[in-house]
Each structure stands twice: as C-alpha cells, then as structure tokens.
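Some notes on the structure that comes next.
For ligands, and for the atoms within them, numbers begin at 1 and follow the listed sequence.
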Amino acid sequence: MDYRSTRGSEKYVTASQAILEGIAPDGGLYVPVNFPTIQVEPDWWITASYQEMAQYILTLFLTDFTEDEIKDSITMAYDTLFDTPTIAPVRHHGQVNYLELFHGPTLAFKDMALTLLPHLLTLAAKKQGMDRELIILTATSGDTGKAAMAGFADVPGTKIVVFYPKEGVSPVQEQQMVTQSGHNTFVVGITGNFDDAQTRVKELFIDQAMNQELAHQEQQLSSANSINIGRLLPQVAYYAYAYGQLVKSGQLHLGEPMNVAVPTGNFGNILAAYYAKKIGVPIQQLVCASNQNHVLTDFFNQGTYNRQRDFFITTSPSMDILVSSNLERFLYHLTDEDTELVTQLMTSLESNGQYTLPVALQARFSDFYAGYADDTLVKKTIYETYIQDHYLIEPHTAVAKAVVKQYQDVTGDKTPTVIVSTASPFKFPQAILEAIGDYPTDLSISELVTEIGSLTNQDLPQGIQAMLTNPIRHHLVIHPDDMKDTILALIHQN
Ligand SMILES: N[C@@H](CCOP(=O)(O)O)C(=O)O
C-alpha cells in the first residue's frame, strides 16, 4: 500500500516514509492510494480482541511493516497502561451506546493512537535508515498534547515540543501537560488559539531554512497530530471493534449497519470512521458533531467552508478549532482524487479564509449528517444524562449526544448508533459540576476531580493522581510568532 499527498505534486511513498515525514513536502497530507477491504470469517467480528482487530486492520494499511512488527507494537501499546482489558468498551446507558475511548493513560481517545505511534515511528526510522533525532512537533487544543508527550516521554532518539492555547484548555488538561515528565518533553503555552499553533506547525514542516538547520544538527521533524497518517490509521480499529460489540450485544445482526456520532474539531476522528466504512465496517451514517465553533456543520449544510468567523472558547475546548486539517483528506477522496482542485481549495482557504465546493460535489455528502450543540445544550445534555441514566458524560461526548438527538428527530432513523465518547469526565470536572448541580465555583483542581470520583464511584485514575502530585515542569508562554525560535532554543539547549 502506497501513500501520496492530497496536493499531488509528490511521488508515492511507503507507509513508513509517510509516518516518518508526518506531512508531505508540498504541504498536503498523506493518504492511502487505495483502500483495502476487510476479509474475515464472520465470527471475527465478535471474537477478535481489540489487539487482534487493530493488528488485522493495521496490517492492511502498513504494508512495509512486518506482521510481527505490528503485533509487537500493539502488544506494547495496548497493555496495562489501559485500565480495562477490553481497551475500548461500548457501554449501554438509557438506550444509548457509548464507545468509551478514554481508558488509556491520559484519559482521552488520543491514547488509542499515541500509545502506538512512538513504536511505529521508531520502526519507520529504522526502515528508512534514518538515524537523525526526531523532533515531534505537536499542536494541541488539550488532549493530543498530553497523550503525545506521555507516549514519547524518554523514547530514545526523539524530542517532543507541544504548543497549546494558554487560555483555551481546561485546567485539568493544562495541569496534565505542565506536569509531564521526560527529559525530551517540552510544552509551551501560546497567547493565541489552536489554529494559530497548528497553522505555524504546518508552516514549519515546509520551512526550508528550518529543515536545513535541523538536518545540519542531525535532526528531522515529524508530527504526532492526526495530520500524520500514522496517528490516524490506528483510530480506524475502534470502529470495527465497536461494530463487533454491537453485534455481540444482539443490537445488530452481522452485516446490518450502525451509525456513529463523533464529536470532532480537526476532523481526524470522524475521518477514521469514514476510512472504517471504506474498508468494510458496516457504517451507515456518520454524524459529525460540532460545538459552537461549527465551521464543519456549515460546510456540510451549505457547501462553503469559511473560517472567517468569531472564535469561541467553549466547555469542549478540544474542539475549539476553525481550521479542520483532516477535511483536506476527505476532499481528496470526495473529489475522486482531484489533487489540483484540492490544492486550489486549500490555497483559497489560506489566502481568502474560505472556499466553496462545486455543487455537484456537495451532492456527495450523503454519508454525513452534521449538526452542532452550544454550551447551553451541552449543559442540559450532561444534566439529563446524569439524572435520567445515572451516567456522567463530559462536554465533548455531550456534544455528540445532543447532535444525535437532532439527527434522530429530523430523520426518524432508528439505526443503532454509537456515540464516540472521547474523554473521561475527570478531564472536564468544572463544566460537568456546573451542569449537574450547585457546586462552589472556587474548588481547586484536586477538589474538582475528587468530586468526579465521588459522583462516578471511582478512585482517582492513575493519570489524575500523577497530575496532582508531580511538580510543574513547564512554565513557558510565548506569542505564536515566536514558535520557531522557541523550538530551536528548546531542542538545542543542553
Ligand atoms: N482535539 C485535538 C486537536 C488536535 O487534533 P489532532 O487529532 O490532529 O491531534 C487536541 O485535543 O489537541
């Protein structure tokens, strides 16, 4: 299986090359040149473990890795770092299925790929005979940063630098990041938003002077964001696993489709569901759920992507994004691989802040339903779910739940649906407590997470305990324009 850039100007590369580079040299994103199909015995869906499914699916995509390399990486990634042997359980509460993707070490769905990526990247470097130090640049709106640092901490031959919006993540997300250990981890707040960070990170990948300077120091950039195909493909596995669990629970007969509802900002998680559908996971409708920054909702409903709009800081900060990077990959597939058109659209987005898709292409959106929920609706959804179903959900999951309700009200579609639950309630205690009761507004982080523990009847997860006890190691806050100099200073300090 080869990969090519969405902007088309580069030659085909192997999986290991694509993973190592992170982003294509022309500024596009690597995509598979074709899609394999799942060919398994019927009982595979209900008997395979999470690890077995992930191995099967990744073997289809990562064809220059051996089966043993993939298997060993998966064994190391999905182990006791997760607090449940099922890794990605589907829980059923009040007639609703939640695919809980927050059982990994940092309590967010990003762990599903970022416990694995360091192994894949290390192998990719070996395969390519690349012995430079890897500098992993990462932009985060809260979850990716912590998961990426936890994954790469003290991994030989790597340094990781993460940028996050200083005023745009939850207090727990920030505390998790700034207490991260590891001699090779760096996290820096910026006085801007996630888009400022992500845009500059993408620019640096194609900044010749920067890349030359790094090469001179025997270093090379790569990415831990979902712009890296090696971050995205592991996420395909959990949609297959969720489907198997729905069949196992008797909600579906094998072959009958499910719907999935994904809270999304950077369009990576829902693109992984789209890829799952393309390789044969029976998915009917992809419900694309946005928060008040509903640039994706407007795109799917009106055909125009317009990032020139107010930016809101919401209670679901991981989705506070106006430039959804992975939409570029979707456009590539939607346009039947018309790299010239994709390049035009992306150039228009960069220079005019918007683009409109030709009407004939808008007619191809039928796989997707898009909607959004603002913070008032999110609050109501968290409250109702807790009171009616005795289940505590965090704001991103609540966004998806609210949009599923809109979808079902509008269409009457009764297809069994999986709501992708992207983070643990422990990461967003303030928003949750505000939604469900009359809590004092001045609780400390420790008091906040303790309340969540009482409400869910759980001990504090290991990752939360570590956050409360580890010292703060990262203090830097900079202007986004200083990102390049800051990276160079951090990675070259002794
Ligand atoms: N929601 C993300 C933003 C970056 O998304 P990614 O999937 O491209 O890493 C976050 O929490 O950082």
Side-chain angles (χ1 to χ4, degrees), residues 19 22-23 29-30 101-102 104 106-118 121 136-152 160-166 168-170 172-174 176-177 180 187-190 192-202 205 222-236 238 262-275 288-291 293 295-296 311 313-330 394-397 399-400 420-424 427-428:
I19 291 173
I23 187 169
L29 305 187
Y30 282 120
L101 298 179
F102 53 77
T106 74
L107 311 170
F109 79 97
K110 312 289 179 168
D111 290 326
M112 304 302 296
L114 283 163
T115 50
L116 186 61
L117 185 65
L121 209 43
I136 316 294
L137 286 194
T138 304
T140 187
S141 51
D143 288 337
T144 298
K146 175 63 188 180
M149 285 194 292
F152 282 96
I160 174 159
V161 188
V162 171
F163 294 96
Y164 73 98
K166 176 68 189 153
V169 299
S170 83
V172 172
Q173 286 178 313
E174 180 173 42
Q176 281 186 302
M177 288 192 280
Q180 176 63 46
V187 60
V188 182
I190 60 159
N193 59 34
F194 170 78
D195 294 322
D196 298 323
Q198 181 173 241
T199 303
R200 281 170 180 81
V201 162
K202 281 168 143 180
F205 273 94
S222 190
S223 167
N225 282 110
S226 56
I227 53 177
N228 189 333
I229 194 75
R231 231 307 296 285
L232 195 68
L233 294 175
Q235 297 181 221
V236 176
Y238 49 71
V262 190
T264 191
N266 222 12
F267 207 71
N269 204 356
I270 195 159
L271 188 79
Y274 177 73
Y275 279 14
C288 173
S290 300
N291 66 17
N293 295 297
V295 64
L296 286 165
F311 180 93
I313 294 180
T314 71
T315 58
S316 46
S318 305
M319 293 153 68
D320 289 346
I321 295 175
L322 292 179
V323 182
S324 305
S325 288
N326 280 288
L327 199 64
E328 177 167 349
R329 286 190 167 111
F330 174 64
E394 56 74 49
H396 305 77
T397 309
V399 165
V420 177
S421 186
T422 50
S424 156
K427 295 199 80 160
F428 303 96

- Atom indices of ligand 1 within 4.0 angstrom of S318 heavy atoms, with elements: 1 (N), 2 (C), 11 (O)

- Note on the structure: Here the atoms of ligand 1 under 4.0 Å from any heavy atom belonging to F194 are 3 (C), 4 (C)

- What protein heavy atom sits nearest atom 3 (C) of ligand 1, and how far away is it? S141 OG, 3.2 Å

- Query: Taking E394 for the side chain and T397 for the main chain, is one N or O donor matched with an acceptor at less than 3.5 Å?
  - Reply: yes

- Message: I need the nearest protein heavy-atom contact for atom 11 (O) of ligand 1: residue, atom name and distance, please.
- Response: D143 N, 2.8 Å

- Message: For atom 6 (P) of ligand 1, tell me which residue out of S223, P165, S226 has the closest non-hydrogen atom.
- Response: S226

- Identify, by atom number and element, the atoms of ligand 1 in contact range of T140, meaning under 4.0 Å from any of its heavy atoms. 10 (C), 11 (O), 12 (O)

- For ligand 1, which atoms sit closer than 4.0 Å to a heavy atom of R231? 6 (P), 7 (O), 9 (O)

- Smallest separation among heavy atoms of N225 and T144, with atom names: ND2-CG2, 3.7 Å

- Message: Just by distance, no angles: are the side chains of Y274 and N326 close enough, under 3.5 Å, to form a donor-acceptor pair?
- Response: no

- Query: Does any non-hydrogen side-chain atom of S226 lie less than 4.5 Å from one of N266?
  - Reply: yes

- Message: Tell me if the aromatic rings of F109 and F102 count as close, with their centers under 6.0 Å from one another.
- Response: no

- Note on the structure: Within the 4.0 Å heavy-atom cut-off, what K110 brings close to ligand 1 is side chain

- Message: For S318 versus I321, what's the shortest heavy-atom pair and its separation?
- Response: O-CD1, 3.6 Å

- N291 and T314: side-chain donor and acceptor closer than 3.5 Å? yes

- Note on the structure: Counting from 1 in the order shown, the ligand 1 atoms closer than 4.0 Å to a non-hydrogen atom of G142 are 10 (C), 11 (O), 12 (O)

